[in-house]
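We count ligands from 1, going down the list as the structure has it; atoms in each ligand are counted the same way.
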Amino acid sequence: MPQAAYHFPRGFLWGTATAAHQVEGNNTNNQWWKWEQDGHTDGTSGLACDWWGGRWREDFDRAAEAGQNAHRMSVEWSRIQPTPDTWDEDALERYRAMLRGLKERGMTPMVTLHQISDPLWLYEQCGWEHDGIVPMFEKFVRKTVEALKEYCTLWCTINEPNVYALSGYVTGTFPACNKGLKTAILVQANMLRAHAVAYRTIHEMQPEARVGYALHYRPMVPHSKSPLDAWMRNIQYNGINMSFPSGISTGVMKSPLGNVRIPEAKGTQDYLGLNYYSVDTVKFDITKPQEVFDTRYYPEDSDFSATKFIANIPTGIFDSIKWAVRTYPNLPILITENGVEDAEDKMRPRYIAQHIHQMWRAVNFNWPVKGYFHWSLVDNFEWERGWTQRFGLWALDVETQKRTKRPSADLYAEICKENGLTSEMVQMYCPEVFEKLFPV
Ligand code: BGC
C-alpha cells in the first residue's frame with residue numbers, strides 16, 4: 001500500500017500520442033517532406049521512428065508493457081490517397097494491422113484523421129484555402145473510417161486546427177500557400193466545415209463512434225495590470241484559442257476579423273480533446289504592430305524546458321480543464337497531448353507528476369476527464385524543430401533506430417499501472433517537488 005496516493009476513476013485511459021508524419025518515416029508524398037527537402041526544418045524526417053518499416057510493433061510492446069491501456073495515433077492522408085483518384089489499399093491494410101496490434105496488446109486505439117500533414121497534390125492546389133476541401137475530406141474520411149472502424153470507435157477529426165493555420169499562414173514556420181491572417185481564418189473556417197462533415201459521416205457509418213477534435217489550448221495571463229496588456233491578452237487569447245470552440249458552441253466561428261457563420265458545426269463533438277503544454281504571458285508592445293500573435297512570452301524565472309520551448313506551469317492544465325468544463329458542461333474531456341522536450345529527462349519526471357496531480361484535482365471536482373495521452377512515446381520528428389527537441393519517454397537514436405528508456409518511462413508506467421500517482425513515485429523520480437505534491 002502506498003503511503004499516500006492520488007487515484008483516478010476506474011477505466012481511466014492512460015496512453016501516449018503520436019502522429020503519422022512524425023513517426024512513420026519516408027512520407028515522401030506530403031507537403032512536409034517537400035518543406036524539409038527545401039531546407040525549412042532543422043534536419044529531415046527521413047526514416048523517423050520507422051513505423052512504416054514495422055517498428056510500431058516494438059514500440060507498442062513497450063507501451064503495453066509499461067501499463068498503457070490506450071494509444072492515440074494518426075493516419076497519413078497522402079499514403080491512403082496518393083493521388084486524387086487513387087486509394088492505396090495496402091496502406092489501409094497496414095493501418096488495420098497497427099490497430100489490431102493495439103487491440104491485441106489490450107490498448108484502446110484513438111485515431112486522428114488529420115495531424116498537420118497533407119498530401120502534396122492537395123497542398124499544390126492550396127487545398128485548405130478553398131471550400132472544395134470539405135467534400136474531399138469527407139471522401140477521405142469515409143474511405144478511411146470504413147477500413148478502420150472494425151478496430152476503432154474513438155476518432156479525432158483534426159489535430160490543432162489553430163496551430164496548423166497560425167504556424168502556416170501567420171508565423172510561417174509550417175508550409176502554407178497564400179500567407180496572411182485573412183487566409184489563416186479562412187483555413188480554420190474550412191477546417192471547421194470539414195470537421196463538421198466528418199463528424200456526421202463517421203456517426204452515419206458507426207453510430208457508437210465518439211468523435212471530436214484536439215484543441216491546442218493556451219491559457220494566457222496579462223503581463224501587468226495595465227488595461228492595454230489585458231486588451232492584448234484578450235485579442236490573442238480569443239484569436240488563438242476560440243475559433244473552433246466558438247463555432248462548435250454556437251455555429252458562429254469568432255475570429256479577429258469578424259464572425260463566420262458555420263451553422264452545421266454546432267454541437268459536433270462527443271468529447272473535447274485538449275492539448276496542453278504551457279501558459280503564455282501577453283504584453284502589449286507598441287513597437288510590434290505586425291506581431292499581434294507574437295507578443296507572448298514566458299517569465300524569466302520560469303521552470304524552463306531544455307530548449308526553453310515550454311515553461312513548466314502545471315496549474316495551466318487545471319485551468320484548461322476548468323475552462324472546458326465551464327464552456328461545455330458534462331462533455332467528456334480527454335487530455336490528447338501533454339509533454340515536454342527534455343533529452344536528458346531532467347524536468348520530465350516532475351512535469352509529468354505535477355501535471356497529473358493537477359489533472360487529479362480536476363477529476364476530484366467531478367469534472368469529466370476520461371483519459372490522458374502523454375506526448376510522446378518515443379522521440380519523433382518535431383516539425384520545423386526537427387530532431388532538436390526530444391519529447392519521448394524513450395530516446396531514439398535516429399541513425400541506429402535504437403531506443404533507450406528514460407526514467408520518465410518508468411515513472412509513467414508506475415502511474416498507469418497504479419491508476420494514480422503515489423508519494424513513493426514522487427519521492428523516487430522527482431523528490432524536488434515532493435513537498436509541493438504532498439505538503440506536510
Ligand atoms: C503537436 C504535435 C507536436 C507537439 C510538440 C503539438 O502542438 O500536435 O504534433 O509534436 O505539439 O511540439
Side-chain angles (χ1 to χ4, degrees), residues 15-25 27 30-33 35-36 41-45 48-49 51 71-77 110-118 156-168 170-171 173-175 188 191 195 212-219 240-241 244 272-280 293 296 298 304-312 316-317 320 334-343 347-348 351-352 355 372-396 398 408:
T16 52
T18 53
H21 185 71
Q22 298 180 265
V23 292
E24 286 179 357
N27 263 320
N30 69 24
Q31 93 282 34
W32 268 91
W33 188 269
W35 186 246
E36 293 162 28
T41 53
D42 211 315
T44 56
S45 56
C49 309
W51 277 23
H71 183 75
R72 173 178 175 233
M73 57 173 264
S74 82
V75 292
E76 175 62 35
W77 189 348
M110 174 176 196
V111 171
T112 302
L113 292 155
H114 184 279
Q115 182 144 354
I116 307 179
S117 54
D118 290 309
C156 172
T157 56
I158 300 180
N159 176 74
E160 299 191 346
N162 52 350
V163 172
Y164 178 93
L166 295 173
S167 301
V170 180
T171 59
T173 46
F174 285 11
Q188 284 197 74
M191 287 189 140
H195 158 82
Y213 73 103
L215 173 69
H216 185 105
Y217 182 77
R218 302 289 294 192
I240 289 171
N241 291 315
F244 259 54
L272 178 66
L274 274 180
N275 291 0
Y276 169 77
Y277 286 89
S278 195
V279 176
D280 289 324
F293 287 96
R296 295 177 286 137
Y298 299 136
F304 281 112
S305 61
T307 67
K308 296 202 164 179
F309 186 63
I310 285 166
N312 176 23
I317 199 169
S320 304
L334 290 171
I335 304 301
T336 31
E337 285 180 29
N338 172 240
V340 64
E341 93 288 4
D342 184 10
M347 174 201 271
R348 190 179 288 101
Y351 184 96
I352 291 178
H355 282 77
Y372 173 89
F373 295 86
H374 188 77
W375 185 273
S376 184
L377 179 54
V378 57
D379 289 342
N380 55 53
F381 183 73
E382 273 301 326
W383 308 114
E384 79 281 11
R385 289 153 275 130
W387 297 103
T388 62
Q389 294 187 340
R390 303 299 178 122
F391 276 81
L393 294 175
W394 272 264
L396 173 76
V398 187
S408 288

Element-labelled atoms of ligand 1 that are located less than 4.0 Å from some non-hydrogen atom of [X]:
| X | value |
| --- | --- |
| Tyr277 | 4 (C), 5 (C), 6 (C), 11 (O) |
| His216 | 7 (O) |
| Gln115 | 2 (C), 8 (O), 9 (O) |
| Arg385 | 12 (O) |

Using modelled atom types only, decide if a donor and an acceptor are shared between the side chain of [X] and the backbone of [Y] within a distance under 3.5 Å.
| X | Y | result |
| --- | --- | --- |
| Asn312 | Ser305 | no |
| Ser117 | Asn30 | no |
| Trp383 | Thr173 | no |
| Asp342 | Met347 | yes |
| Arg348 | Val340 | yes |
| Asp379 | Gly392 | yes |
| Thr388 | Arg385 | yes |

Who's the nearest protein heavy-atom neighbour of [atom], and how far?
| atom | value |
| --- | --- |
| atom 2 (C) of ligand 1 | Glu337 OE1, 3.6 Å |
| atom 7 (O) of ligand 1 | Glu160 OE1, 2.6 Å |
| atom 12 (O) of ligand 1 | Glu382 OE1, 2.7 Å |

Quiz item: Backbone, side chain, both or neither: what part of Glu341 comes under 4.0 angstrom of ligand 1, heavy atoms only?
Solution: neither
Quiz item: Using a heavy-atom cut-off of under 4.0 Å, does the side chain or the backbone of Asn159 touch ligand 1, or both, or neither?
Solution: side chain
Practice problem: Run the numbers on Phe174 and Trp32 for ring pair (Phe, Tyr, Trp, His ring centres under 6.0 Å), then give the verdict. | Solution: CA-CA 8 Å; Phe174 285 11; Trp32 268 91; 5.1 Å; yes
Exercise. Take every heavy atom of Gln389, measure it against each atom of ligand 1, and state whether any distance is under 4.0 Å.
Key: no
Self-check item: Gln22 N/O under 3.5 Å from ligand 1 N/O
Solution: yes
